[in-house]
Amino acid sequence: NGNYLAKTVKSIDVGLKTSDIISKEKLLLSLKIIFPDKDFNEIEKKIENKKFFYLEKKISEEKYEQIMKLGDKSLIPEEKVLRMYPQKNLFSHILGQIDNDNNGISGLEKSLNENLRSSRDPIKLTVDKDIQFLIRKELLKYQEIFKSKGSAAILMDVNNGNILSLVSLPDFNPNERKNISDVNYINRVTKGTYELGSVFKVFTFASALNEKLIEPDTEFLDLPKSIKCDRYRIGEYDNEIPSDLTAEQILVRSGNIGSVRIAQKIGPEKFKLFLEKVGVLSDIDFDIEEVAPQKNYDFGKCRLATASFGHGIATTILQLAKGYSVLSNGGYEIKPTLIYKENNFNKKNKRILNRGISEQVVSALRKIVNTEEGTAKFADVQNYEIGGKTGTADQPEGGAYSEAKINTFASIFPTSNPQFVFVVMLDTPKKSKDYYYKYRHRKGGWKGTLYNTAGWTSVEVAGKVIDKIGPILATKYIEVN
């Protein structure tokens, strides 16, 4: 938005060399007039016990002039170059941190360190301050409501990869230059890897469509409620799910067994290749270095089965957003970026999916949000044509799965002309007994979180965020055909 997110300023620290003091009483009297709020008992102790100490750091221009007018040679000014972050926490995981010598040690400060040192030209980012502020504000609000350990969100243009917002909580104030060792402060969008659950079912559906193995109306009959792969049982999350479903209905109703059956048609090699091709299981080249390396998985029959519904394989929220972009933008490769480039618009990239696949996928994603059978009705924000997929995943722990959840909602909008992917992830949320849900698809509402699933947590957050950012996107970014 033309706002400075980081800038270099000069500041002056004033020190006191005690051996050069001529008259302590006269100096202290003058300093008390300039700094009436300082603890002069403490200053006198320092004069007696130290050779040198700083009297005032980052002194104001007015007080600096007053100090210089004293003409006391024991007062020594030191000019320093400081890196300032006017937005404080707002872009902390994007900008990163610097050390005491102003060298970047994380984020864009590290990856752009040489550019920033060698050029006076400002580097323009793709992020939107107003949108970033609103998304962070809602994440903070719902982190308190659902008592989650952390949360993350990314909003990206599906056609050119420009990232309008990237938020990871908890965050930090880069002005404080703290040494952060707590792993909970990880960048959950780029560095944290997660088994993301049913958001992966859209890749299973798209892969089979792309291989011409199914159509949306291909029927899968007599689907059991559970199957075994070796000694592991795979069941449905909802035993009320019908046994006869089309491929599209399997996705809309989030069927596990149906997704396994679709994946079995594709086969391990082709499905793994597809996931690598769309970017969710391949290393990603990104503007900051805090990106998790992608693990290379062996795909046997059981990995194929669990991967079809998003378990047994882990990826990042950034890679997930890239994958959903490819599925919705006509099937074109994109490169997510935080750096604004003038020529990044209207640039057609390499096509990696067959024609017509995006339309079929996006149509199914819309039904997940705007039909009674779908799992994301709380995100059906009027006039924005939201489509998306929920993912509720048990977190792996000690070779098994724990009760802790990773709840994710990956959305695309507007579905008639996809332009944005918006992903919300909540890490270890809990149910809220007091929160009131207002239905979007009918009158009324519900008090209390019924299930600790993405449909009752991440979807609600995404819907509330889009309520806030939608008008900004509509006036500044959405293209009209």
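Below, all heavy atoms of this structure are taken into account, side chains as well, without hydrogens, waters or symmetry copies. Please read these numbers as outputs of a predicted model, since none were measured by experiment.
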Chemist: Could you give me the CA-CA distance, side-chain angles and deciding distance for N407 and N452, then say whether side-chain contact (heavy atoms from CB on, under 4.5 Å) is met?
Modeler: CA-CA 8 Å; N407 288 351; N452 189 3; 3.1 Å; yes
Chemist: Who passes salt bridge (charged side-chain N to carboxylate O under 4.0 Å, His left out) against E138, sequence neighbours left out?
Modeler: K468
Chemist: Do I21 and L16 have side chains that get closer than 4.5 Å, going by heavy atoms?
Modeler: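 In contact.
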Chemist: How close do L164 and T126 get, heavy atom to heavy atom, and via which atoms?
Modeler: CD2-O, 3.6 Å
Chemist: Among V167, V127, I131, find the one that has a side chain to side chain contact (heavy atoms under 4.5 Å, CB included) with L155.
Modeler: I131
Chemist: Relative to the ring of H311, is the ring of Y401 parallel (under 30°), tilted (30 to 60°) or perpendicular (over 60°)?
Modeler: perpendicular
Chemist: Centre-to-centre under 6.0 Å for F200 and F203, is that the case here?
Modeler: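 For F200 and F203, the ring centres are under 6.0 Å apart.
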Chemist: Ring of Y4, cation from K7 - is the NZ or CZ under 6.0 Å from the centre and inside 45° of the axis?
Modeler: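 The answer is yes; both the distance and angle limits are met.
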Chemist: Do you see a donor-acceptor pair shorter than 3.5 Å between the side chains of D128 and Y477?
Modeler: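 There is such a pair between these side chains.
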Chemist: Which residue, I368, V369, T392, T457, forms the side chain to side chain contact (heavy atoms under 4.5 Å, CB included) with F409?
Modeler: V369
Chemist: Hey, are S416 and E385 close enough side-chain-wise for a donor-acceptor pair under 3.5 Å?
Modeler: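 The criterion, which ignores hydrogens and geometry beyond distance, is satisfied for S416 and E385.
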Chemist: Can you tell me if T316 and T190 form a side-chain donor-acceptor pair at under 3.5 Å?
Modeler: no
Chemist: Once the angle between the rings of Y437 and F378 is folded into 0 to 90°, is it parallel (under 30°), tilted (30 to 60°) or perpendicular (over 60°)?
Modeler: tilted
Chemist: Check for a donor-acceptor pair, side chain of K110 on one end and backbone N or O of G107 on the other, with a separation under 3.5 Å.
Modeler: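 No, because the side chain of K110 does not come within donor-acceptor range (under 3.5 Å) of the backbone of G107.
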Chemist: What closest approach, in Å, do G470 and Y384 show between heavy atoms, and which atom pair accounts for it?
Modeler: C-OH, 3.1 Å
Chemist: Going by distance alone, is a donor N or O of one side chain under 3.5 Å from an acceptor N or O of the other, for N354 and N210?
Modeler: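 Yes.
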Chemist: Which residue pairs pass the side chain to side chain donor-acceptor pair (under 3.5 Å) test when at least one of the two sits in residues 111-123, sequence neighbours left out?
Modeler: N103-R117
Chemist: Could you check whether D171 and N89, counting side-chain N and O atoms only, form a donor-acceptor pair closer than 3.5 Å?
Modeler: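 Indeed, the side chains of N89 and D171 share at least one donor-acceptor pair under 3.5 Å.
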